[in-house]
Every structure is written in C-alpha cells, then in structure tokens.
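Here the structure is laid out as structure tokens; the discussion comes afterwards.
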Amino acid sequence: MAVSKVSPPPASKYEMGPEGMCPYRLVLEHVTSRWGVLVLIELLERSYRFSELRRAIGRVSEKMLTQTLQTLERDGLVHRDAKPVIPPRVDYSLTDLGREAAEQVRALAVWTRDRMDAVEEARRTYDEARQT
C-alpha cells in the first residue's frame, strides 16, 4: 500500500516560512519599505545605473540602496545587468513582475498625494480631541 504525503493545512494564513515570516508578508515588507517604494517607482520610468538611481532617489546611502536592490532582485522584481566593460557598467531595471508591483505601489503613492489634505484634517481633528 502506497503512503502519500499530505501536508497539514496551515494553522494560520500568517504561518511562518523558513525565514521566520509569512512569505508574502516578507515580500510585502520589501516592496513597501522606505527605499523599496522609491526604487520601484523610479525604475518604472526607465533603467538606471546605480549612481543615477541614487541621485534620483536622494538621501539614500550606498549601503541601503545596495541592500534594497539585492533584496528586490532576489524577489524577482529587479533585473541587474552587469556589462563586461571597463569601467564596469551595471544597469537596473524592472522585471515584468517588478513592473506589476511598481504600478501598484505608484497607485498607492498617487492616492496618498491626492488625499493628503483629508489625512491632515483627520490628524488635526484627532489631535484636538486628545488635547481637551
């Protein structure tokens, strides 16, 4: 008699993966991180060399930009194209999956910009209620 291996159903939709976090929550964290959002939105426009991307984003350290690009590359969202020339040339662009994610992130950024007045009013109302 053959025994089939059936995995038990997950105890929770937030069940931990091998990295200690629910897998899709981990990707969501990468995509919505401070620098991840800005990298994805910038790369929607065109491909960039590292230094160009750093200037376009502004106020990001080399280390943080490198880590962000590596993480997004590992997740399949960013493509790194290293050309064998001297001096070395590396271009970063979005994969199809990355473009899809970046469009969603940009939509949220646009919504945030468009609704900022309502957010500021809600904050004032909240703060005033707490002061009395």
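Side-chain atoms are counted along with the backbone in the values below, which use heavy atoms only and exclude waters and symmetry mates.
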| request: Sequence neighbours left out, what pairs pass salt bridge (Lys or Arg N to Asp or Glu O under 4.0 Å) with at least one residue falling in residues 110-120? | output: none
| note | Contacts satisfying salt bridge (Lys or Arg N to Asp or Glu O under 4.0 Å) that involve residues 57-70 (not counting sequence neighbours) are R54-E62
| message | I'd like to check V31 versus V37 (side-chain heavy atoms, cut-off strictly below 4.5 Å). Are they in contact? | response | no
| said: Using modelled atom types and a 3.5 Å cut-off, is there a donor and acceptor pairing between side-chain atoms of T95 and backbone atoms of G76? | reply: yes
Shortest non-hydrogen contact from [X] toward [Y]:
X   : Y   : answer
V78 : Y92 : CG1-CD2, 3.9 Å
L72 : H30 : CD2-O, 4.0 Å
G98 : L40 : O-CD2, 4.3 Å

| Salt-bridge present (R106, E45; N to O < 4.0 Å) | yes
| message | Walk me through whether L65 and W35 qualify under side chain to side chain contact (heavy atoms under 4.5 Å, CB included). | response | CA-CA 7 Å; L65 183 55; W35 303 116; 5.9 Å; no
At what distance, to the nearest 0.5 angstrom, does [atom1] of [X] lie from [atom2] of [Y]?
X   : Y   : atom1 : atom2 : answer
E29 : R25 : CD    : CZ    : 9.0 Å
R49 : R55 : CZ    : CZ    : 9.5 Å
D75 : T71 : CG    : OG1   : 7.0 Å
Q67 : S33 : CD    : OG    : 10.5 Å
R89 : F50 : CZ    : CZ    : 14.5 Å
L43 : H79 : CG    : NE2   : 12.0 Å

| request: Verify the neighbour count for atom CD of E100: are there more than 12 heavy atoms of other residues, nucleotides or ligands below 6.0 Å? | output: no
| field | Residues, nucleotides or ligands: over 12 heavy atoms within 6.0 Å of D127 CG | value | yes
| query | After noting the C-alpha distance and the side-chain angles of E121 and R124, does the key distance pass the salt bridge (Lys or Arg N to Asp or Glu O under 4.0 Å) rule? | reply | CA-CA 5 Å; E121 179 59 33; R124 278 191 297 277; 2.9 Å; yes
Single-linkage hydrophobic cluster [X]~[Y], side-chain heavy atoms < 4.5 angstrom:
X    : Y    : answer
V90  : L69  : yes
L108 : V110 : no
I57  : V105 : yes

| said: Before you tell me yes or no, could you show the steps for R123 and E128 under side chain to side chain contact (heavy atoms under 4.5 Å, CB included), namely the whole-Å CA-CA distance, both residues' side-chain angles and the distance that decides it to 0.1 Å? | reply: CA-CA 8 Å; R123 288 176 176 172; E128 288 168 6; over 6 Å; no
